[in-house]
Amino acid sequence: MKEDKNLSDSPQQDENNARRGFLKKLGLVVGAGAAVTAGAVYLGYDHEKKKNPDGKKVRVLTADGQLMEVSEAELIQAENQTADEESELQRRGREGLPGKHWVMVIDLSKCRNARMCMAACQGAHHLRPEQHHINVLRMQDAEHTEPYFMPKPCFHCDNPPCTKVCPVDATFKRQDGIVLIDNQRCIGCRFCIAACPYSARVFNWIEPLKSEEDKDLPYDVELNVPQRKGTISKCLFSADCLRKGELPYCVRACPNGVYYFGDLNEDTVTNGTTRETVRFSELIRKNGGYTVLEELGTKPQVYYLPPKNRLFPYQYEGKTTIDPDDSRVGGGRG
Amino acid sequence: MSVNKLSTEESYKTLNKIETDLLRPMTHHKGLELWILFLVLFFIIGGYAYFIQLRDGLGVTAMRDYTSWGMYIGNFVFFVAASLIGMFISSVLGLLKIKWITPITRIAEMIALAFAMWAGIVIVIDMGRPDRLLNVFLHGRFQSPILWDVTVVSTYVAISFLLLFLPLIPDAAVIRRRLPGLPKWQMKIYDLLYLGWEARPGQYLIIKKSMRILAILIIPVALAIHTVTSWLFASTLRAGWDTAIFGPYFVSGAFVAGVAAVIIAMYFFRYNYKLGDYITDFHFNRMGQVLVLVSAIYIYFNLNEYFVPAYKMRIAEKVHLVEMFTGHWSTLFWFTQIICLVIPAFLLIFKKMRRPSIMLWLSVLVLLGAWLKRFLIVVPVQQHPYLPIQNVPDSFHHYIPTGIEITLTILPIVGVLLIITIIAKLFPVISVWEVAHEKGVDESIIK
Ligand code: SF4
Ligand code: SF4
């Protein structure tokens with residue numbers, strides 16, 4: 001995948017990220033929105049340096065990404081720092097990555113139900129075992145056709161029925177095509193679940209898996225962590241990874257080369273296993289790519305390559321056929 | 001206004017009898033305290049159930065990711081449906097100048113207001129984050145049908161409130177005169193409400209004009225509340241909800257539910273409040289006919305709703321319809337459709353059946369069916385999404401309501417009964433001055 005020079009690939013950024021973890025531990029996360037705060041800290045540091053040159057130094061990260069050193073004695077907790085950091089995460093989370101239009105291509109001929117994608121996803125988003133942002137389904141299109149495995153994330157529809165119905169703009173589509181959740185605003189009406197024809201959404205019916213551990217984390221809308229009881233969650237195309245120039249969690253985790261991910265505007269997608277970058281249009285054209293239930297007019301941004309010339313014959317729990325009740329023969333199409 | 005005016009002396013005599021009869025239940029009510037105590041007790045139990053739901057999350061219900069709307073939403077649709085009756089009786093029939101509705105308009109309005117008010121609370125019970133209710137106003141997006149629902153339901157509550165309380169103004173004056181011995185707090189209410197009523201012709205004009213305007217205004221609003229409620233479903237792409245007739249289908253079903261509710265209330269007030277002279281067999285006969293009419297319309301819509309897709313059997317709809325006709329939901333489905341709708345409607349065609357005692361039981365069936373029907377509209381569709389339900393625990397495939405859920409479904413119903421009980425305790429359930437008018441009593445003495 002082509003990496004965005006501005007947003008990643010810079011050693012300074014990486015270093016900043018490493019520092020962040022450290023600073024969080026100290027409880028000194030300064031994501032303050034105001035550069036004034038940073039300036040004040042810096043002045044304090046300057047002042048302190050003159051006064052006490054041997055004092056212990058701490059590094060802090062300013063809102064505009066500058067790394068600074070201050071004497072530990074001079075540090076005061078910025079008021080409402082979590083709130084400030086959260087509002088920054090919200091701002092950039094809602095804005096998205098300009099100029100991008102993310103797409104995923106899933107090659108069904110290679111999927112053997114390894115479920116590494118599901119595990120990676122659940123780990124990243126702190127989900128319970130029954131909560132699937134991505135779910136590998138057992139499918140059969142018609143009575144006499146071959147069964148196959150179909151990983152199903154959110155399709156990040158270009159005409160998303162889910163965001164239309166949300167009464168409070170807690171689920172929204174950003175400029176780069178990603179459909180996100182804001183679980184600080186969601187009122188838990190579950191209208192979006194009813195509206196999504198692909199069953200892509202999950203709800204936190206009870207206390208989320210890691211709510212105790214995560215309770216002090218600033219909420220990142222691009223990761224939807226911490227998860228919150230009484231609110232929605234779903235696949236986010238790993239918007240947090242994309243910001244860092246990385247491929248989504250599921251895409252990277254697949255051992256079988258099933259996933260391609262990339263930018264439609266650049267017409268390139270990268271395979272998560274082989275890291276081979278190919279032309280999106282060519283991949284779709286040569287392999288007969290399609291989208292699911294496109295007749296509903298939702299314009300899914302997840303494309304499938306048909307399950308032909310399969311590397312692995314279908315097998316699930318020792319059986320090579322599917323119980324029609326399980327797969328809904330016909331897939332509900334039409 | 002009235003048909004044959006009575007002489008002044010007769011007027012006083014008639015008014016005196018009407019007042020005595022209609023106001024008697026306000027002071028003579030055996031067992032009312034016990035009944036209120038029972039309702040309040042249930043409230044405490046319900047409150048505890050809600051506390052558990054708040055503490056542990058909606059996971060205490062049987063709702064899960066696939067069937068994510070359950071009884072609560074079915075209950076909401078039922079509440080909105082039942083509340084439509086106020087508009088039907090006092091506006092539609094009233095504007096058509098149908099005279100016999102006079103003694104039942106207030107009953108219908110009470111039912112309407114109580115159900116409409118609680119409909120809002122039913123929705124809050126269903127919310128995962130009721131603490132963020134204000135977000136609907138802070139961040140409301142008008143593209144969402146929920147916003148339309150909030151808007152029209154609150155408008156409907158406001159108009160219903162006025163439609164119930166405007167005609168209470170002259171009655172409040174009557175109560176002040178007739179029952180001065182009532183507790184102080186109660187008298188305060190009448191003092192506030194009677195607004196200096198002196199039975200002047202100009203005052204009558206204002207009341208009648210405002211009631212007429214409200215009666216006209218409420219028609220589009222009432223149609224809107226149930227149409228918009230149906231769009232919560234019809235605006236999605238799910239097979240079984242994605243149909244064009246949901247609006248009128250819901251509205252016609254609402255009248256069935258409402259008429260049945262009014263008949264039950266009529267029966268109750270007639271016998272418990274000894275109002276046999278006012279709510280007569282004639283009224284039951286007429287309401288029976290109305291029930292046949294609205295049921296026939298509803299059956300017609302049902303035919304459209306089920307027969308047309310069943311003829312085609314497109315796969316997604318087929319899965320749903322087969323479950324309803326012969327599968328998992330079939331017993332409930334046929335019970336609701338045949339026992340609770342077709343048979344009562346058919347029986348009521350015969351005059352012999354339109355007697356209060358029989359009609360009570362038929363109406364109870366119809367009302368029960370009306371509730372079950374909402375459940376059947378909401379729940380089964382979600383169990384058959386386009387893509388299969390897999391890799392989730394068994395409970396995600398089914399929907400069997402939990403005790404807490406059932407308690408919190410009954411709670412608002414108890415709430416409705418409580419509101420009706422309170423209104424019926426504070427005011428005569430039949431409008432004194434309107435009945436007096438009908439009987440030809442001189443207007444100027446009703447104060
Ligand atoms: S797949 Fe469902 S949740 Fe995802 S964007 Fe489309 S409608 Fe929304
Ligand atoms: S559940 Fe949350 S995200 Fe979904 S429609 Fe309701 S408020 Fe919006």
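Computed from heavy atoms alone, side chains included, the values below leave out hydrogens, waters and symmetry copies. Lettering of chains follows the sequences in order, A, B, ..., and the numbering in each one begins at 1. None of the values given here were measured: they were computed from a predicted structure.
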Engineer: For the interface with chain A, which of B:Asp242, B:Val392, B:Asn391, B:Thr236 has the highest count of heavy-atom pairs at distances below 4.5 Å?
Structural biologist: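 The candidate making the most pairs under 4.5 Å is B:Asn391.
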
Engineer: Mind telling me whether B:Phe246 and B:Phe233 have parallel, tilted or perpendicular rings, with 30° and 60° as the class edges?
Structural biologist: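 Perpendicular: the ring planes of B:Phe233 and B:Phe246 meet at over 60°.
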
Engineer: Measuring heavy-atom distances to chain B, does A:Pro161 have an atom under 4.5 Å in its side chain, in its backbone, in both, or in neither?
Structural biologist: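 For A:Pro161, the contact with chain B is made by the side chain alone.
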
Engineer: Hey, does the side chain of B:Trp329 reach the backbone of B:His320 with a donor-acceptor pair shorter than 3.5 angstrom?
Structural biologist: no

Engineer: Quick check on B:Phe396 against chain A: is it the side chain, the backbone, both or neither that has a heavy atom closer than 4.5 Å?
Structural biologist: side chain

Engineer: Relative to chain B, which of A:Gln184, A:Met118, A:Gln131 shows the most heavy atom pairs under 4.5 Å?
Structural biologist: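 Most heavy-atom pairs within the cutoff with chain B belong to A:Gln184.
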
Engineer: Find the one option among A:Gly297, A:Cys189, A:Cys162 whose heavy-atom pairs under 4.5 Å with chain B are most numerous.
Structural biologist: A:Cys189

Engineer: At a heavy-atom distance under 4.5 Å, which candidate from A:Val165, A:Asn135, A:Asp169, A:Val168 has the highest pair count against chain B?
Structural biologist: A:Val168

Engineer: For A:Val221 and A:Gly93, which heavy atoms make the closest approach, and how far apart are they?
Structural biologist: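 Reported closest heavy-atom pair: CG1-CA, 4.2 Å.
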
Engineer: Is it the side chain or the backbone of B:Leu138 that comes within 4.5 Å of chain A heavy atoms, both, or neither?
Structural biologist: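 Neither part.
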
Engineer: Quick one: are the ring centres of A:Phe149 and A:Tyr314 less than 6.0 Å apart?
Structural biologist: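 When the ring centroids of A:Phe149 and A:Tyr314 are compared, they turn out to be within the sub-6.0 Å range.
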
Engineer: Examine whether an atom of B:Leu54 lies under 4.5 Å from a heavy atom of chain A, and if so say whether it belongs to the side chain, the backbone or both; otherwise answer neither.
Structural biologist: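 The backbone, not the side chain.
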
Engineer: Are any side-chain N or O atoms of B:Gln382 and backbone N or O atoms of B:Trp69, one a donor and one an acceptor, separated by less than 3.5 Å?
Structural biologist: yes

Engineer: Do B:Phe333 and B:Phe325 have ring centres separated by under 6.0 Å?
Structural biologist: yes

Engineer: Just by distance, no angles: are the side chains of B:Asp149 and B:Trp231 close enough, under 3.5 Å, to form a donor-acceptor pair?
Structural biologist: no

Engineer: If I measure from the heavy atoms of chain B, does A:Thr298 come under 4.5 Å with its side chain, its backbone, both, or neither?
Structural biologist: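 The side chain, not the backbone.
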
Engineer: Looking only at heavy atoms and a cut-off of under 4.5 Å, which of A:Ala195, A:Cys186, A:Ala170 has the most pairs with chain B?
Structural biologist: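 So the answer, after comparing A:Ala195, A:Cys186, A:Ala170, is A:Cys186.
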
Engineer: Does any heavy atom of chain B fall under 4.5 Å from the side chain of A:Cys196, the backbone, both, or neither of them?
Structural biologist: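 Backbone only.
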
Engineer: Counting heavy-atom pairs closer than 4.5 Å to chain B, which one of A:Lys152, A:Arg190, A:Met150 comes out on top?
Structural biologist: A:Arg190

Engineer: Most heavy-atom pairs under 4.5 angstrom with chain A, which of B:Leu147, B:Thr61, B:Asp56?
Structural biologist: B:Asp56

Engineer: Can you tell me which portion of A:Asn183 sits under 4.5 Å from chain B's heavy atoms? Options are side chain, backbone, both or neither.
Structural biologist: backbone

Engineer: Under 4.5 Å from any heavy atom of chain A, what part of B:Ser68 do you find: side chain, backbone, both or neither?
Structural biologist: both

Engineer: Pick from B:Met127, B:Met63, B:Lys318, B:Gln143: which one has the most heavy-atom pairs with chain A under 4.5 Å?
Structural biologist: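 Maximum pair count with chain A is reached by B:Met63.
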
Engineer: Can you tell if the side chain of B:Asn302 reaches within under 4.5 Å of the side chain of B:Tyr249, non-hydrogen atoms only?
Structural biologist: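 Heavy-atom side-chain distance check passes, below 4.5 Å.
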
Engineer: Any ion pair linking A:Arg174 and A:Glu222 (charged N to carboxylate O, less than 4.0 Å)?
Structural biologist: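 The answer is yes: the pair qualifies as a salt bridge.
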
Engineer: Locate the shortest heavy-atom distance separating A:Pro151 from A:Ile106; write the atom from each residue and the value.
Structural biologist: O-CD1, 3.6 Å

Engineer: Could you have a look at A:Thr231, A:Val136, A:Ile193 and say which one has the most heavy-atom pairs with chain B under 4.5 angstrom?
Structural biologist: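 Top option by heavy-atom pairs under 4.5 Å: A:Ile193.
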
Engineer: Please determine whether a side-chain nitrogen of the Lys or Arg among A:Lys234 and B:Asp65 lies less than 4.0 Å from a carboxylate oxygen of the Asp or Glu.
Structural biologist: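 Between B:Asp65 and A:Lys234 there is no salt bridge, as every charged N stays at least 4.0 Å from the carboxylate O atoms.
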
Engineer: Need one label for A:Lys164: side chain, backbone, both or neither, based on atoms under 4.5 Å from any heavy atom in chain B.
Structural biologist: backbone

